[in-house]
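Keep in mind that this is a model prediction, so the values were computed, not measured. Side chains are part of it too, since the values below use all heavy atoms of this structure and drop only hydrogens, waters and symmetry mates.
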Amino acid sequence: MAAEIAVVVNGVRSVVPTGTRAREVIGDRSAVAARINGKLSDLDCVLEAEATVEAVGPESDAGLEVIRHSTAHLLAQAVQSLFPGTQVTIGPTIADGFYYDFAPPRPFTSEDLPEIEKKMRQLAKANLKIERSEMAREAAIALFERMGEHYKVEILQGIPEARVSLYRQGEWMDLCRGPHVPSTGYLRAFKLTSVAGAYWRGDEHNAMLSRIYGTAFATKEALDEHLRLVELARQRDHRRLGREMGLYFFDAIAPGQPFYLPKGIVIFNNLIDYIRRLYRRYGFDEVVTPQLYRNELWHQSGHWENFRENMFLAADPEAATATIDTGAEGWRTGYGVKPMNCPGHTFVYRAEKRSYRDLPLRFAEFSRLHRAERSGVLHGLTRARVMSQDDAHIFCTEAQIEDEVAMNLAMVREVYATLGFAQVEFKLATMPDAHLGSVEQWRMSEGKLAAALKRNGVEFEENPKEGAFYGPKIEIYVPDALKRRWQAATIQLDYNLPERFDLSYTASSGSEERPVMIHRAILGSVERFIGVLLEHTGGILPFWLAPEQVRVLSLSEKVEAYAAEVAALLRADGFRASADLRNEKLGFKVREGELAKVPYMVVVGEREAAARSVAIRLLRGEKNQSASLEELRARLKSEPLPG
RNA sequence: GCCGAUGUAGCUCAGUCGGUAGAGCAACUGACUUGUAAUCAGUAGGUCGCGAGUUCGACUCUCGCCAUCGGCUCCA
């Protein structure tokens, strides 16, 4: 081995003795880790050959990740010292922090967090050195076996490498790939945020572990700023906005189902009207099919087998035995409320003899769908038990698939751009392990979806094995205020349903062929979309969607009649206008208008009444533009209506 | 469904050791006649989520159920 090696540190070349540690060649004392030949490593990593070394600062993405990962270890150390008998499992970093899953004698509660956090601070203050070591995998298994860490043993048994790395800080140690900060003193700004249950390895058949979430930053200031932003995001929660803006509410009498108030349904209806206008342009035909079907339908469609747990079922009161699922033929007497429109649409398809000249056929429907969601998953409008989708089923030939998917993607892009969603995530969900059809057919359909995506020039990632069992799909995700991702739009290929319902069309050759079905929704669930849209906009909706578009504020009793006349005039023009004639000061009325997020406030006092004019105040305080009544009406009429 | 937490007036929340409840906003009434994010005063409003149990006595302690919140699993 050479006595000296050449290193390039942050772009500067030098020669150091072999065995020098990365920390020694990096001058920067604030560094939390090193990048050696591009690989993230500990600062104590020994340099044994020529290397390029870069400092990883605490504020960089990689540095933050190291800090968070090390903080997760600190958490585990604190927990094991406070709660003997607790086993550790895994503790990864996540988008804004980290978590650690434990198997404790009793589950943790949020009341345990302050004590754990206090212990973490003590351990951080002790500035324990964090040391890496390696050992043979078998030796590590024996070691953790002795320590009673059965989950770690299970993890080790799944690791292919012969040698594994361990990290020790003080008396405590953990199996870990690293890297970590050099000592616990580097961890200064962290906070434990919540506790939750989580299944071991994410499988609900496994044991329920106790998970603790936390976050960590390079500085106290960055941590405080993050906590402040989280708090601001909470105020955008659509459940809060829905109540504050008087849009909808929920009641225990109908779990998971919104009561839309007059203002809320305005948003709902205008979104649907917008999609309807697009349907005229894109060539869709709207239909309405039944809500309640004999269970025979669900047997034929496969929903009985695959979706029954999520369906609301009802007995037939006229049946001799009014049961739902008892006895061999019991199901025939029952009904099921539709959770999807697709089976109904196959009946629309079958209503006539179809030929290749008819295709593609595009049937759209906005009917309400009901799904018996498990109680723990409900989440305001974004996860409800009733929803209306801007649903459509396209029946086409194999050769038409790519064009159809590309056309629907264009529609998706138009809608999301119009509604102001700049960062939409596209995913291509591919063949799952349990699937119908041949691998070749799957790869071909996936290729068609990918080609349609590329034709639209959108970036997308694969979502491996996440396709439906009957075909691949394109999923479109949008984030809520807390950056949780919700699936909105979807485009799915389906070879199964046409088969089950024996659909066919006459080809030009005269032979009977099987059409392909494409399920697609642009907004997805209109409920979910409204929820995400409210969080995205903070409730400040575009003019065409605003429940109340104009509010006329009267300055005193003397101008009551004029204010009412202005509002009536605007209503006659078709605007959603109201007048606030209450005996209150202007400042109070303006405040309420702001809180209600009315885009136009129109102030009228004696000056305006005399001149038959108004003072326009836009939302967010852009104020005081005097205008004649005609100017106001012209201005409102120039507000764009999309589609 | 699972883990943890929460549930008090329309909304947001206090309520100590077990002795049958309080504020602000909203509502209603009145005064004020208002110029761009909260005028003042008064009045009314509660089976303390629901049901059992312990106790002389339960908003408070115990159990069950329901709903909600944060996660997990599932999913649009």
Distance, P atom - from C13(B) to U20(B), rounded to whole angstrom
26 Å
If the sugar-phosphate is the primed atoms plus P, OP1 and OP2 and the base is the rest, what is the B/S/- string for nucleotides 6-13 of chain B, using protein heavy atoms under 4.0 Å?
-----SS-
Check residues 240-254 of chain A and write down every donor-acceptor pair under 3.5 Å in which the side-chain atom is one partner and the other belongs to a residue at least two apart or another chain.
unit_1, atom_1, unit_2, atom_2, d
Tyr248(A), OH, His238(A), O, 2.6
Asp251(A), OD1, Ile253(A), N, 2.8

Give Gly246(A) one of three labels, base, sugar-phosphate or nothing, depending on what nucleic acid heavy atoms sit under 4.0 Å from its own.
nothing
Arg551(A) CZ to A37(B) P, in whole Å, measures 15 Å
I need the CZ-P distance between Arg582(A) and U29(B), as an integer number of Å.
13 Å
Surrounding CZ of Arg620(A) (heavy atoms of other residues, nucleotides or ligands, distance under 6.0 Å), is the total greater than 12?
no
Touch class at under 4.0 angstrom, heavy-atom based, for Lys589(A) against every strand present
nothing
Grab the two heavy atoms, one from Val526(A) and one from Asp390(A), that are nearest each other, plus how far apart they are.
CG2-N, 4.3 Å
Rounded to whole Å, please give me the gap between CZ in Phe102(A) and C1' in C3(B).
15 Å
Sugar-phosphate means primed atoms, P, OP1 and OP2; the rest is base. With that split, encode nucleotides 69-76 of chain B 5' to 3' as B, S or - using protein heavy atoms under 4.0 Å.
SBBBBBBB
Name the pairing partner of U55(B), where a pair is Watson-Crick or G-U wobble with both distances under 3.5 Å, or state none.
none
Looking only at side-chain atoms of Glu594(A), point me to the closest of A37(B), G35(B), G4(B).
A37(B)
Of all pairs that satisfy salt bridge (Lys or Arg N to Asp or Glu O under 4.0 Å), the ones with a partner from residues 419-431 of chain A, not counting sequence neighbours
Glu425(A)-Lys427(A), Glu425(A)-Arg485(A), Lys427(A)-Glu461(A)
Parallel under 30°, tilted from 30 to 60°, perpendicular over 60°: which one fits the rings of Trp486(A) and His379(A)?
tilted
Rounded distance in Å between the C1' positions of G49(B) and A58(B):
16 Å
For A37(B), does OP1 or OP2 lie under 4.0 Å from any side-chain N or O of Arg617(A)?
yes
NA contact type, Phe250(A), heavy-atom cut-off 4.0 Å: base, sugar-phosphate, or nothing?
nothing
Partner nucleotide of C2(B) by Watson-Crick or wobble geometry (both distances under 3.5 Å)
G71(B)
Atom-pair distance (CG on Leu618(A); P on A37(B)), nearest Å:
14 Å
Distance check, C1' atoms only: G18(B) and U73(B), in whole angstrom units.
41 Å
Distance, rounded to the nearest Å, where Leu595(A) contributes CG and U36(B) contributes C1'
14 Å
Could you tell me the Watson-Crick or G-U partner of G22(B), where both distances fall under 3.5 Å? Say none if there is no partner.
C13(B)
For U43(B), what is the paired nucleotide under Watson-Crick or G-U wobble rules, both distances under 3.5 Å?
A27(B)
Distance check, C1' atoms only: A14(B) and C48(B), in whole angstrom units.
13 Å
To check you understand the geometry: which heavy-atom pair defines the closest contact between Glu373(A) and Ala384(A), and what is its length?
CG-O, 3.6 Å
Applying ring pair (Phe, Tyr, Trp, His ring centres under 6.0 Å) to Phe268(A) and Tyr260(A), what does each step give before you reach the verdict?
CA-CA 9 Å; Phe268(A) 185 98; Tyr260(A) 284 106; 5.3 Å; yes
Provide the distance between the two C1' atoms, one in A37(B) and one in G4(B), to the nearest whole Å.
39 Å
Rounded distance (nearest 0.5 Å) linking atom CG of Asn270(A) with atom CD1 of Ile272(A):
10.0 Å
May I ask you to decide if the ring planes of Phe102(A) and Phe108(A) are parallel, tilted or perpendicular, using 30° and 60° as cut-offs?
perpendicular
I need a per-nucleotide contact map over nucleotides 42-50 of chain B, read 5' to 3'. Cutoff is protein heavy atoms under 4.0 Å; write B for the base, S for backbone only, - otherwise.
---------
Starting at atom CZ of Phe259(A), determine the distance to atom P of U68(B), rounded to an integer number of angstrom.
12 Å
Taking only residues two or more places apart in sequence, or in another chain, which ones meet Phe426(A) in a ring pair (Phe, Tyr, Trp, His ring centres under 6.0 Å)?
none
Using atom C1' of each nucleotide, how far apart are G7(B) and G46(B) to the nearest Å?
14 Å
Rounded distance (Å) that lies between atom P of A67(B) and atom CD1 of Ile253(A)
10 Å
Taking everything shown except Glu111(A) itself, do over 12 heavy atoms lie less than 6.0 Å from its CD?
no
Within the 4.0 Å heavy-atom criterion, would you say Glu560(A) contacts the bases, only the backbone, or no part of the nucleic acid?
nothing
Tell me whether the NZ or CZ atom of Arg68(A) lies within the 45° cone about the ring axis of Phe217(A) and under 6.0 Å from its centre.
yes
For atom C1', what is the distance between A38(B) and U54(B), given to the nearest Å?
49 Å
Looking only at non-hydrogen atoms, find the nearest pair between Tyr151(A) and Ala103(A) and report the distance.
CE1-CB, 3.5 Å
Atom C1', compared across A44(B) and G19(B): separation rounded to whole Å:
27 Å
Between Glu565(A) and Arg612(A), is the closest basic N to carboxylate O distance under 4.0 Å?
yes
Both distances below 3.5 Å, Watson-Crick or wobble geometry, any strand: find the nucleotide opposite G7(B).
C66(B)
With a 4.0 Å cutoff (strictly under), does any side-chain N or O of Ser210(A) reach OP1 or OP2 of C3(B)?
no
Given atom CD of Glu584(A) and atom P of C25(B), what is their separation to the nearest angstrom?
12 Å
